[in-house]
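The structure under discussion appears below in the form of structure tokens.
Keep in mind that this is a model prediction, so the values were computed, not measured.
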Amino acid sequence: MTKGKKYTFSTGVVILAIVVGLMSGLLLAGPLGSTGKGSSLYAGGGDSRLNAIMQIVSRYYVDQVDYDSLSTVAVRSMLSSLDPHSTYLSIEDYDKEAELLHGRFEGIGVVLFVLNDTVYASNVRKDGPAGRAGIMAGDRILMVDTVKVSGVELEGGSQAVVNLIRGPRFSNVTLTIDRAGWETPRKVKIRRDVIQHASIPAAVMIDRKTGYVHVSRFAETTCTEFHEALKQLLKQGMEHLVLDLRGNGGGSLESAVRMADELLPKGDLIVYTEGAHDRRRNFYASSGGLFEEGRLTVLINEYSASASEVVSGAIQDNDRGIIAGRCSFGKGLVQRQFDLPDGDAVLLTIARYYSPSGRCIQRPYQKGSDAYYMDYLNRIFSNYSSADSLFNAIADTSQQYLTKKGRKVYGGGGIQPDVTLPYVLDTNWAYYNKLIDKQVLEEVMYHYIHDNYAQLAKRYPTENDFVNRYQVDDATWQRILLTAEAKGIKPHAGCLKKYAAHIRNRYKALMAMALYDDNAYYRVSLLYDHELQKAVKENKSAL
């Protein structure tokens, strides 16, 4: 890093939070709940070493000990000593993972946004339980049943509100709502239902010939969603596909294989897996993929892991398209679920996966989990002295492999992109990042939506109307600047001169998401996605 100069990044990402997410990232050999039924990891008999120690502690330790909690700690420690991705799942953990992998949950179909001490409704599904009951974007949720959630500090924060609103299908929840134009708050009774949670939040045309698909995770429903997205984009004239796997931490191996199958011709090897107790299994592309020809760009970054790396590795090694972005996370291990008698489960690494060229991109973990994740953080925070080579010095050059066309690729450190898209290193981003960190844009936006939802709905009845016609006016811009100053963010002339359009676009994108859905958000935000724009341009000459 240049001495005496500090850089800030244009990502707006809280790195540690994403690392925590990646720590629980999976590459499951089969859907959650479908393998290991009836299996037990208890090493039977009262004379086992672990059980004997547990009994001694339970009977003789100086203080009272919760035996179940102690055994859970012991199991977690044992599994983490094997590798960073073998883990123990409590029933609560299992339910959360199952929701993500199955692509559905039981609730009311509304996104909650907690701003200061106020809970707002956002992104309300019109065909969902909340939408049918009349909930609108910008509504302030004051109470959930008899529990006050706005104007108070709840233990557990926004997740506590989510837990109150979630519940079994066909059960009821009553929300007390405050809305502009109402003299007093009103109670709205909502019947919960199953809510489908899409793993592909956006599939849009970004120009006449280029389609864009963002995949947030690999769930059971991902391949069906991807197939439908390809059909719609091909109908609109797509000749070049941009598959965005940035920030995708993984999921189902089967879904990764099926997605790659849509893009590779029959007979191409997609991936193979092998372990000490798991014989080699090859996965090949079949016939009939919807986009086996045509230009293809895959976007990855340091948060792309597991199943994302399976897909990118298959595309890269078969020379099917270009990989653009920054070096991926480097997770080359496959887990299988084993259910325990008490309803908990163990996710145990049973194999490594290998890309078609024979490389395993798993980063070394022999020094333990703490060192494993600290190494990952060091990758993010270091090597900024040469932005052009960012993340490209990570490859283990001793692990060299060849693609179909003889290009060199490397193992042992993630998927190295064909085209590097470094962070934008610019001190002018500091002001922008502070706006994001302190939720300035959200505060202005939710207050405005709350007070003006009826007018907005009348003026922009459809997503297209909003995307094509809405502009951030001068009055809104001044509210943003004044709100920032009220939060202690001083104006930055360089940022306001250089990146004012980016800030306005970010505000519009957030409003599009709140009023409509994720797809609307991406239609707006992609206009200022410099990584995407560079990747599309580079595709023409990369291969």
Side-chain angles (χ1 to χ4, degrees), residues 18 21-22 24-36 89 91-112 122-131 159 162-163 165-171 192-204 212-233 243-263 290 303-311 334-337 339 345 347 513 516-522:
I18 296 186
L22 285 169
S24 62
L26 306 174
L27 183 61
L28 286 181
L32 195 68
S34 69
T35 59
L89 290 180
I91 293 176
E92 293 78 14
D93 295 332
Y94 171 87
D95 288 342
K96 290 177 183 177
E97 294 290 352
E99 282 184 358
L100 290 173
L101 287 166
H102 296 324
R104 58 183 179 273
F105 62 91
E106 295 179 345
I108 64 171
V110 61
V111 174
L112 302 179
S122 176
N123 195 348
V124 181
R125 299 191 184 188
K126 293 182 179 179
D127 59 347
Q159 187 57 47
V162 172
N163 293 341
I165 292 179
R166 291 263 191 107
R169 185 184 189 189
F170 300 140
S171 62
R192 300 179 177 102
D193 206 339
V194 174
I195 307 299
Q196 298 299 321
H197 185 32
S199 59
I200 295 183
V204 299
Y212 169 92
V213 176
H214 176 66
V215 184
S216 61
R217 67 189 184 285
F218 286 84
E220 288 179 2
T221 59
T222 301
C223 297
T224 301
E225 295 176 44
F226 187 57
H227 186 84
E228 290 303 311
L230 288 179
K231 282 203 303 187
Q232 293 304 314
L233 294 175
L243 176 61
D244 190 350
L245 300 179
R246 291 173 295 179
N248 185 321
S252 163
L253 174 60
E254 179 185 3
S255 291
V257 169
R258 290 177 60 193
M259 177 176 289
D261 196 3
E262 292 279 13
L263 305 171
L290 283 183
Y303 310 118
S304 306
S306 190
S308 294
E309 294 171 302
V310 170
V311 173
V334 182
Q335 286 71 48
R336 180 182 176 187
Q337 177 197 333
D339 295 333
L347 291 173
M513 182 165 58
Y516 305 97
D517 54 24
D518 291 341
N519 196 70
Y521 168 85
Y522 281 97

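- At least one donor-acceptor pair closer than 3.5 Å links the side chain of N519 to the backbone N or O of A203.
- For the atom pair SG (C223) and CD (E254), the distance works out to 7.0 Å, reported to the nearest 0.5 Å.
- The closest donor-acceptor contact from the side chain of S199 to the backbone of F218 lies at 3.5 Å or more, if one exists at all.
- With S255 contributing its side chain and A219 its backbone, the two residues share a donor-acceptor pair below 3.5 Å.
- Counting all heavy atoms, side chain and backbone alike, S252 lies closest to A307 at O-CB, 4.0 Å.
- The nearest pair of heavy atoms linking G250 to S306 is CA-CB, 3.8 Å.
- Here the closest non-hydrogen pair linking A229 and V213 is CB-CG2, 4.3 Å.
- Distance alone, capped at 3.5 Å, places no donor-acceptor pair between the E106 side chain and the D193 backbone.
- No side-chain heavy atom of L290 sits less than 4.5 Å from a side-chain heavy atom of F226.
- A donor-acceptor pair under 3.5 Å is formed between the side chain of S304 and the backbone N or O of L245.
- Checking S171 against R192 by side-chain atom types alone, a donor-acceptor pair falls below 3.5 Å.
- Across all their heavy atoms, V110 and A130 have their closest contact at CB-CB, 4.2 Å.
- For the atom pair CG of D517 and CZ of R125, the computed distance is 9.0 Å after rounding to the nearest 0.5 Å.
- Note on ring orientation: taking the six-membered ring where Trp is involved, the planes of H197 and F105 are perpendicular (angle over 60°, cut-offs 30° and 60°).
- Separating the CG atom in L347 from the CD atom in E97 is a distance of 7.0 Å, to the nearest 0.5 Å.
- The distance from the OH atom of Y522 to the CG atom of D244 is 7.0 Å, given to the nearest 0.5 Å.
- Using a 4.0 Å cut-off between a side-chain N of Lys or Arg and a carboxylate O of Asp or Glu, K231 and E228 qualify as a salt bridge.
- Side-chain contact check for E99 versus R166: some heavy-atom pair is nearer than 4.5 Å.
- Atom CD1 of residue I195 and atom CG of residue D127 lie 8.5 Å apart, to the nearest 0.5 angstrom.
- The NE2 atom of H227 lies 10.0 Å from the CZ atom of R258; values are rounded to the nearest 0.5 Å.
- D261 places no side-chain N or O within donor-acceptor distance of the main-chain N or O of V257, the cut-off being under 3.5 Å.
- Between L243 and M259 the shortest side-chain heavy-atom distance falls below 4.5 Å.
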Step by step, would you call L27 with Q335 a side chain to side chain contact (heavy atoms under 4.5 Å, CB included)? CA-CA 6 Å; L27 183 61; Q335 286 71 48; 4.3 Å; yes
